Amino acid sequence: MLDINFHPFKNLETNRLHLRRILESDWTEILALRSNPEIMKYIPRSLALSKEDAITHFKTIDEKIENNTGINWAITLKDNPKLIGIIGHYRIQPENHRCEIGYMILPEYHGQGITTEAVNAVLKYGFDDLSMHSIEAVIDPENIASERVLQKNGFVKEAHILENELWNGKFWDTVIYSILKRNFKQ
């Protein structure tokens, strides 16, 4: 079994990006992400409707880091510390050397390769720092943009599970993509 420890917190760098710890002061951008119906349409979770909702979400993220059960980064451009997205490792299974990756980015940054670049950095962290054997992503089958990001990073489709999640009176399909450490290329 893996010993997961996110302390001290490790910032990540890419050519264009700085991935840093999310701060409570990022609540405005967290609210912009989590309150946007277009961003959230593929994520079966409640919309954030207030500053309090955004801060509650921040506290959940921060608590998981403190408890070594999950880690998220603020996606920022190197020349601007403003949070433009969130990315992280969820549902960590130390006994299986496996975890899930998830991400979201503000719409004005779509189509620029930022998410693909951030995913690659977080995969490297997952394989090198956390010693994961495999990393999965669970997406809505209609989320074509997310599917492309995963494929660009070497993920392969493992499963399409029909109507396996009930949210707001609707059954949702999920698609599972994964990548093994031996197949990861930076």
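Values reported hereafter were calculated over all heavy atoms of this structure, with side chains retained and with hydrogens, waters and symmetry mates removed. These numbers were taken from a predicted model, which means no experiment stands behind them.
N120 is listed as a side-chain neighbour of F184, based on a closest heavy-atom distance under 4.5 Å. Counting only heavy atoms from C-beta outward, the side chains of L77 and I114 approach each other to under 4.5 Å. Side-chain contact between V175 and E147: absent, with no pair of heavy atoms (C-beta onward) separated by less than 4.5 Å. Side-chain contact between S178 and L180: absent, with no pair of heavy atoms (C-beta onward) separated by less than 4.5 Å. Taking the side chain as every heavy atom from C-beta outward, Q93 and E100 never approach each other to under 4.5 Å. Looking at heavy atoms from C-beta onward, P107 lies out of side-chain contact with E38 at the 4.5 angstrom threshold. Looking only at side-chain heavy atoms (C-beta outward), F155 and V149 stay at 4.5 Å or farther from each other. L23 is listed as a side-chain neighbour of D26, based on a closest heavy-atom distance under 4.5 Å.
L31 and I86 are assigned to two separate hydrophobic clusters, defined by single-linkage of ILVMFWY side chains at heavy-atom distances under 4.5 Å. Following chains of ILVMFWY side-chain contacts shorter than 4.5 Å, one can reach L49 starting from M104, so the two form part of one hydrophobic cluster. Side-chain heavy atoms closer than 4.5 Å link hydrophobic residues (I, L, V, M, F, W, Y) into clusters, and following such links, possibly through other members, connects L19 to F6. In the hydrophobic clustering of this structure, I84 groups with I61; members are Ile, Leu, Val, Met, Phe, Trp, Tyr whose side-chain heavy atoms approach within less than 4.5 Å, directly or through other members. A continuous path of hydrophobic side-chain contacts links F9 to I92 [ILVMFWY only; heavy atoms under 4.5 Å].
Smallest separation of non-hydrogen atoms from H160 and P141: CE1-CB, 3.6 Å. Contact detail for A32 and L106: the closest heavy-atom pair is CB-CD2, 3.9 Å. Minimum interatomic distance between P44 and E165 (heavy atoms only, all atoms of both residues): CG-OE2, 3.4 Å. Nearest heavy atoms, Y90 versus N72: OH-OD1, 2.7 Å. Contact between A48 and S35 at its shortest, heavy atoms only, is O-CB, 2.9 Å.
Using cut-offs of 30° and 60° on the angle between ring planes, the pair Y125 and H89 is parallel.
At most 12 heavy atoms of other shown residues, nucleotides or ligands fall within 6.0 angstrom of atom CZ in R91. More than 12 heavy atoms of other residues, nucleotides or ligands shown are found within 6.0 angstrom of CG on N67. The local environment of NZ in K181 is crowded, with over 12 non-hydrogen atoms from other residues, nucleotides or ligands closer than 6.0 Å.
One finds the CZ atom of F58 at 11.5 Å from the CG atom of L83 (value rounded to the nearest 0.5 Å). The distance from atom CG of L17 to atom CG of L12, rounded to the nearest 0.5 Å, is 10.0 Å. Considering CD1 of I179 and CD of E136, their distance stands at 13.0 Å, rounded to 0.5 Å. I101 CD1 to N153 CG: the interatomic distance, rounded to the nearest 0.5 Å, is 7.5 Å. Once rounded to the nearest 0.5 Å, the distance linking OG1 of T28 with NZ of K51 reads 7.5 Å. Interatomic distance, CG of D53 versus CG of L47, reported as 9.5 Å (0.5 Å rounding).
Counting only distance, with no hydrogens or angles, the side chain of D173 and the backbone of E163 share a donor-acceptor pair below 3.5 Å. S134 places no side-chain N or O within 3.5 Å of a backbone atom of R98 that could act as its donor or acceptor partner. Side-chain atoms of N36 do not come within 3.5 Å of backbone N or O of L33 as any donor-acceptor pair. Between the side chain of E117 and the backbone N or O of T14 there is no donor-acceptor pair closer than 3.5 Å. Between the side chain of H110 and the backbone N or O of I105 there is at least one donor-acceptor pair closer than 3.5 Å. Although no hydrogens or angles enter the test, the distance criterion places no donor-acceptor pair under 3.5 Å between the side chain of R34 and the main chain of R45.
In terms of the side-chain contact (heavy atoms from CB on, under 4.5 Å) criterion, residue partners of K59 (sequence neighbours excluded) are, by chain and number, I55.
Checked against I22 for a side-chain contact (heavy atoms from CB on, under 4.5 Å), the options I30, I71, I65 give a single hit: I30. A side chain to side chain donor-acceptor pair (under 3.5 Å) with S146 is found for one member of Y103, Y42, Y177 and no other, namely Y103.
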From CA spacing to verdict: side chain to side chain contact (heavy atoms under 4.5 Å, CB included), M132, L2: CA-CA 8 Å; M132 291 294 158; L2 295 175; 3.9 Å; yes
Derivation and outcome, side chain to side chain contact (heavy atoms under 4.5 Å, CB included), residues K157 and L150: CA-CA 9 Å; K157 188 175 182 178; L150 297 170; over 6 Å; no
Side chain to side chain contact (heavy atoms under 4.5 Å, CB included) between T115 and I75, worked out: CA-CA 9 Å; T115 305; I75 302 171; 5.6 Å; no
Pair H7-N68, side chain to side chain contact (heavy atoms under 4.5 Å, CB included): steps then yes or no: CA-CA 8 Å; H7 308 284; N68 296 307; 3.4 Å; yes
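At least one cation-pi condition fails for K170 and W167: the charged atom is not both under 6.0 angstrom from the six-membered ring centre and inside a 45 degree cone around its axis.
Of the charged side-chain nitrogens involved, at least one lies within less than 4.0 Å of a carboxylate oxygen, so that E66 and R21 count as a salt-bridged pair.
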